[in-house]
Amino acid sequence: MLRYARRVSVRVRFAPSPTGFLHVGSARAALYNWLLARHAGGTFVLRIEDTDEARDREEWVTAIDESLRWIGLDWDERYRQSERVELHAAAAEKLVASGLTYWCDCTREEVDARAKERGGPPGYDGHCRDLGKEAGPDVALRFRTPDQGETVVPDVVRGEPSFPNSTIEDFVVVRSTGKVMFVLANVVDDIDMAITHVIRGEEHLPTTPKYLLLWQALGGGAVPVFAHLPVIVNEKRQKLSKRRDPVALELYRDEGYLSEVMLNYLALLGWSPSDGRERLTLDEMVQEFRLEDVGKSPGFFDVAKLRAFNGDTIRALSVEAFTERAQPWLTGPFAPWSADLYDPDVFAAMAPLVQERVALLSEIPAMIDFLLVDEVTIDDGDWEKAVKPEGITKLLDEVIASWAEVPWEHVPDEREPLKDSLFEIGERLGLNKKRTQAPVRVAVTGRSVGPPLFESLVVLGRERALARLRAARARL
RNA sequence: GGCCCCAUCGUCUAGAGGCCUAGGACACCACCCUCUCAAGGUGGCGACACGGGUUCGAAUCCCGUUGGGGCUGCCA
């Protein structure tokens with residue numbers, strides 16, 4: 001019955017261990033599993049492999065759930081491997097009964113010492129293989145691997161890598177503490193959950209022969225289809241690591257990357273639709289995803305490209321959607337100002353101008369902060385550069401006088417009194433437009449770059465604008 | 001060291017023997033637009049790692065070399 005079920009429906013699993021935030025590499029593995037499940041109308045199983053007491057933490061379990069939810073990967077079934085230890089233990093007993101294992105009390109030091117002595121490759125030498133040792137404290141259970149033949153991994157992306165059985169050492173399946181090891185637990189759960197496709201990182205490929213040997217020993221039936229995904233690397237072409245690379249998914253969320261962009265980018269790191277398109281919606285990815293189209297070579301996690309995608313996507317948002325997505329940086333946890341300072345009308349007036357200029361949502365505050373705070377902080381470097389040309393004092397004096405009178409409005413291509421008066425003064429003083437606007441911009445916004453000046457001035461209001469111009473004038 | 005994997009522009013890739021004087025995207029450069037910055041427009045730079053085969057014909061198939069990577073735990 002199980003066998004039949006396996007034929008008709010795809011069942012995949014994502015099996016993270018809660019030892020840290022969700023890693024971009026793991027997220028991609030989760031995504032590919034999820035895409036296949038959704039594409040095939042199958043089942044996506046989330047299996048938290050929380051059997052490492054030393055490293056697991058409950059908060060990481062929550063963090064993984066949250067990260068998956070953030071990118072919108074929903075699961076159909078969810079298990080905790082820690083709740084299944086009896087099943088694993090039963091499987092271990094079955095192995096003992098089958099005679100395919102033996103007990104071993106060699107310590108790591110002894111194994112290493114013997115390897116060094118014989119000068120051969122490191123690893124276990126089968127020392128206790130025929131010693132008939134009994135179970136007991138400090139005794140581990142090893143699986144006796146075949147000496148002859150080879151084990152072939154049926155892999156959709158890699159073909160059929162084969163491993164000489166003679167190079168597979170007799171590996172530990174049950175620790176001396178009685179705890180079942182990762183591979184065994186993995187196999188037991190995959191058999192029990194009727195997993196049809198194992199999609200995971202390439203780093204698992206070398207242990208897959210052990211997986212297969214155990215699967216066979218336990219009589220698991222038809223083995224799953226494997227898909228070992230190419231590793232994701234940094235600029236030095238090394239596998240992304242928690243220690244040296246920014247890999248936590250939530251790091252990107254907090255920087256203001258859009259979840260759909262993250263998903264799109266991750267999907268493209270190792271897969272592309274047959275026509276090579278890059279910008280895909282989730283639905284399109286589900287529709288077009290095929291395991292057979294997954295590439296073999298490692299992919300560089302290119303933040304510059306991610307960022308470009310993000311900017312494109314932000315710009316394509318409706319103003320309403322943009323405003324909605326921006327909330328965490330406006331009124332939420334990432335807003336740099338106190339709640340009472342924030343004015344939704346100010347943002348509404350600036351939103352379209354801001355939207356075109358940010359690639360990350362986290363860049364929003366710096367685009368509008370000068371409109372919310374009472375006093376701007378002038379960037380000294382920007383100020384020095386802006387007031388360098390001759391005649392700036394005169395310029396500011398005249399602008400202050402003129403703008404005290406001029407209609408305070410700016411309608412592009414129609415009524416632009418602020419703009420007209422400013423550049424009229426600048427021209428009279430022999431300053432080009434760039435140099436004319438620079439000191440005014442820095443005086444009013446605090447920086448030499450930002451949203452369009454005249455629109456900003458209208459939002460700021462005449463009084464505050466003039467006050468800032470006078471304050472700047474006083475600096476000269 | 002051993003086992004395994006990988007190899008098209010700087011990066012991600014399209015390419016499944018002739019459609020390839022190798023296409024796209026990001027990055028970079030130049031110009032245009034322009035109140036700054038973006039955005040947008042136009043153009044440019046730029047790759048089949050190397051050597052042997054197979055074939056009328058190879059980026060595409062085979063072998064080797066070189067280079068890169070992964071694994072090598074009584075972690076998962």
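Per chain, numbering begins at 1; letters A, B, ... match sequence-line order.
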Classify A:R315 by what it touches in the nucleic acid, base, sugar-phosphate, or nothing, heavy-atom distance under 4.0 Å. sugar-phosphate
Select one nucleotide: of B:rU13, B:rC5, B:rC35, the one nearest the side-chain heavy atoms of A:L205. B:rC5
Indicate, with a heavy-atom threshold strictly under 4.0 Å, whether A:Y265 touches base, sugar-phosphate, or nothing. nothing
Taking only N/O atoms, report every protein-nucleotides 59-68 of chain B pair under 3.5 Å with atom names and distance.
none

So which protein nitrogen or oxygen atoms get under 3.5 Å of nucleotides 19-26 of chain B's nitrogens or oxygens?
residue : atom : partner : partner atom : Å
B:rG24  : N2   : A:E278  : OE2          : 3.1
B:rA25  : O4'  : A:E278  : OE1          : 3.3
B:rA25  : O2'  : A:E278  : OE1          : 2.5
B:rA25  : N3   : A:K305  : NZ           : 2.9

Listed pairs, N/O of protein and of nucleotides 73-76 of chain B, under 3.5 Å:
residue : atom : partner : partner atom : Å
B:rG73  : O4'  : A:R108  : NH1          : 3.2
B:rC74  : OP1  : A:R108  : NH1          : 3.4
B:rC74  : O2   : A:S176  : N            : 2.8
B:rC74  : O2   : A:S176  : OG           : 2.7
B:rC74  : N3   : A:S176  : OG           : 3.2
B:rC74  : N4   : A:C106  : O            : 3.0
B:rC75  : OP1  : A:R175  : NH1          : 3.4
B:rC75  : OP2  : A:R175  : NE           : 2.4
B:rC75  : OP2  : A:R175  : NH1          : 2.5
B:rC75  : OP2  : A:R175  : NH2          : 3.3
B:rC75  : O2'  : A:D52   : OD2          : 2.1
B:rC75  : O2   : A:R55   : NH2          : 2.6
B:rA76  : OP1  : A:R175  : NH2          : 3.4
B:rA76  : OP1  : A:K179  : NZ           : 3.1
B:rA76  : OP2  : A:F182  : N            : 3.0
B:rA76  : O3'  : A:E49   : O            : 3.3
B:rA76  : O2'  : A:S17   : OG           : 3.0

Tell which nucleotide pairs with B:rA59, taking only Watson-Crick or G-U wobble pairs whose two distances are both under 3.5 angstrom. none
Should B:rU66 form a Watson-Crick or G-U wobble pair with both distances under 3.5 Å, which nucleotide is its partner? B:rA7
Please tabulate, one pair per line, each protein N/O and nucleotide N/O from nucleotides 46-51 of chain B that are separated by under 3.5 Å, including the distance.
none

Going by ring-ring contact (aromatic ring centres under 6.0 Å, His included), name the pairs with one or both residues in residues 134-161 of chain A, residues two or more places apart or in two chains. A:F143-A:F171
Have a look at A:G270 and say if it touches a base, only the backbone sugar-phosphate, or nothing, with a 4.0 Å heavy-atom cut-off. sugar-phosphate
On the 0 to 90° scale, with breaks at 30° and 60°, tag the A:W271-A:F289 ring pair as parallel, tilted or perpendicular. tilted
Among all residues two or more places apart in sequence or in another chain, which pass the side-chain hydrogen bond (donor to acceptor under 3.5 Å, both in side chains) test with A:E203? none
